[in-house]
Amino acid sequence: MNDTMWAYRTGIIDPTGEDLIGFSVEAVDGGIGKVDKHSVDVSDAYLVVDTGVWIFGKEVMLPAGTVTGIDREARTVYVDRTKEQIKSAPEFHRAHHLGDPDYRNEISKYYGGMGPLGGPLV
């Protein structure tokens, strides 16, 4: 993953904009929380996930390229990362990190340095 991590995969989301707020988020090994904010901006698409009590109310940012599918009927977003990978991601603070290019670079390095499920990039 590189710059493509900040765009939804083809066919995943309606390019005219789709409201995912409140959708559950499922990592490959279980639920991690609910979508609290999302962006469909070209080359800057992401999800902000409120993890609730799972990791003590922490919010995390996931690049749109981690999304593998959306079940609109079940209101669920599926991502190709483990709960541990998401839990270990750089901490997200909405007031400081939304729109911050340095934070985006940090997230890019973090998620870009690993393959899905924690394996190395091949």
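Quick note: numbers below take in every heavy atom, side chains included, and nothing from hydrogens, waters or symmetry partners.
Rounding to the nearest 0.5 Å places OG1 of Thr66 at 9.0 Å from CE of Met5. Between the CG atom of Leu98 and the CD atom of Glu59 there is a distance of 8.5 Å, given to the nearest 0.5 Å. Atom CG of Asp41 sits about 12.0 Å away from atom CH2 of Trp6, to the nearest 0.5 Å. To the nearest 0.5 Å, the span separating CG on Leu47 from CG on Asp36 amounts to 11.0 Å. Taking CD of Gln85 as the start and OH of Tyr110 as the end, the distance is 6.0 Å to the nearest 0.5 Å. Atom CZ in Arg94 sits 9.0 Å away from atom CE in Met61 (nearest 0.5 Å).
For Arg104 (side chain) and Gly99 (main-chain N/O), no donor-acceptor pair under 3.5 Å exists by modelled atom type. Side-chain atoms of Tyr103 come within 3.5 Å of backbone atoms of Pro90 as a donor-acceptor pair (strictly under, hydrogens ignored). Not a single donor-acceptor pair under 3.5 Å links the side chain of Ser88 to the backbone N or O of Ile86. Here the side chain of Arg75 pairs no donor or acceptor atom with the backbone of Glu73 at under 3.5 angstrom. Side-chain atoms of Lys58 never come within 3.5 Å of backbone atoms of Asp50 as a donor-acceptor pair (strictly under, hydrogens ignored).
Between His96 and His93, the ring planes are perpendicular. Angles over 60° get that label, and only those under 30° would be called parallel.
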| Step-by-step side-chain contact (heavy atoms from CB on, under 4.5 Å) determination, Leu20 to Ile70 | CA-CA 9 Å; Leu20 301 177; Ile70 299 173; 4.1 Å; yes
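Side-chain contact between His38 and Val48 is absent, with no heavy atoms from C-beta onward closer than 4.5 Å. Contact of the Ser39 side chain with the Tyr46 side chain is registered, since non-hydrogen atoms from C-beta on lie closer than 4.5 Å. Thr51 is listed as a side-chain neighbour of Val60, based on a closest heavy-atom distance under 4.5 Å. For the pair Arg81/Ile32, no side-chain contact is recorded, criterion being any heavy-atom separation below 4.5 Å from C-beta on.
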Donor-acceptor contacts, no H, no angles, side chain residues 21-29, under 3.5 Å, sequence neighbours left out:
{"unit_1": "Ser24", "atom_1": "OG", "unit_2": "Lys34", "atom_2": "NZ", "d": "3.2"}
{"unit_1": "Glu26", "atom_1": "OE1", "unit_2": "Gly31", "atom_2": "N", "d": "3.4"}
{"unit_1": "Asp29", "atom_1": "OD1", "unit_2": "Lys83", "atom_2": "N", "d": "2.9"}

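What you find for Ile107 and Pro63 is that their closest heavy atoms are CG2-CG, 3.7 Å.
Under a hydrophobic clustering in which Ile, Leu, Val, Met, Phe, Trp and Tyr are joined whenever their side-chain heavy atoms come within less than 4.5 Å, directly or via other members, Leu62 and Tyr78 fall into different clusters.
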